[in-house]
Amino acid sequence: MTTPARHGRRRTSLDDRTCRLICPIAAAMVGVCLTAIGIIQVAISARHVHTLADDLLTIDAVLFLAAMLSSYFALRVQSVMRLHWLERVADTCFIVAMIVLTIACFVVTYWLQR
C-alpha cells in the first residue's frame, strides 16, 4: 500500500505527462480546424450552399484552444491543487472538442453527399 505522500508525487508526475501530451496536440488541432474552416468556406462560396460544419469547427477550435491553454498553465503553476484542476479542465475540453470534431466530420460527409 502506498503512503499519501508517495501517492501525491506519483499523481503529480502523471498529470504532468498528461498536460505535456494535450498541449501540443490541442494546438495542432486548432490549426486543423482553421484549415478545415477555410476549405469549407471555399466550397460554400463555390456551391452557394450553407452548412453547419464551419460553425461546429469554429466552436471546436475554441475548445481545443481552451484545452491547450489550460494544459499549458497547468505546467506553469506550482500548486498541486491548481495543477489537478487545470488538468481536469484540459481533459474535459479536449474530449468535448474531439466529440465536436467527430460530429463536424459527419456533417461534412453528409453535406458533400447531397
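What you see is a predicted model, and the numbers here were worked out from it, not measured in a lab. This chain uses plain numbering: 1 for the first residue, then up along the sequence.
In this structure, the side chains of Met68 and Val30 stay at 4.5 Å or more apart for every pair of heavy atoms. Considering only heavy atoms from C-beta on, Phe64 stays 4.5 Å or farther from Val32 through its side chain.
Annotation: the span from Cys23 atom SG to Leu21 atom CG amounts to 10.5 Å, rounded to 0.5 Å. Put simply, CG on Leu65 and OG on Ser70 are 9.5 Å apart, with the number rounded to the nearest 0.5 Å. Atoms CG and OG1, from Leu63 and Thr58 in turn, are 11.0 Å apart once rounded to the nearest 0.5 Å.
Minimum interatomic distance between Ala36 and Leu57 (heavy atoms only, all atoms of both residues): CB-CD1, 3.6 Å. Minimum heavy-atom separation, Ala53 to Val108: CB-CG2, 3.4 Å. When all heavy atoms of Met98 and Asp60 are compared, the closest pair comes out as N-OD1, 4.4 Å. Contact record, Phe94 with Ala67: N-CB, 3.8 Å, taken as the closest heavy-atom pair. The minimum heavy-atom distance between Cys93 and Ala66, with the atom names listed, is SG-CB, 3.8 Å. Between Val77 and Leu83, the shortest heavy-atom contact is CG2-N, 3.9 Å.
Linking ILVMFWY side-chain heavy atoms closer than 4.5 Å, directly or via other members, places Phe106 and Ile95 in two distinct hydrophobic clusters. The hydrophobic clustering, which links ILVMFWY residues whose side-chain heavy atoms are closer than 4.5 Å, places Leu101 and Ile39 apart. Hydrophobic clustering (side-chain heavy atoms under 4.5 Å, transitive across Ile, Leu, Val, Met, Phe, Trp, Tyr) groups Trp85 together with Ile22. Note: the hydrophobic cluster containing Val62 does not contain Val100 (ILVMFWY, side chain heavy atoms under 4.5 Å, direct or indirect links).
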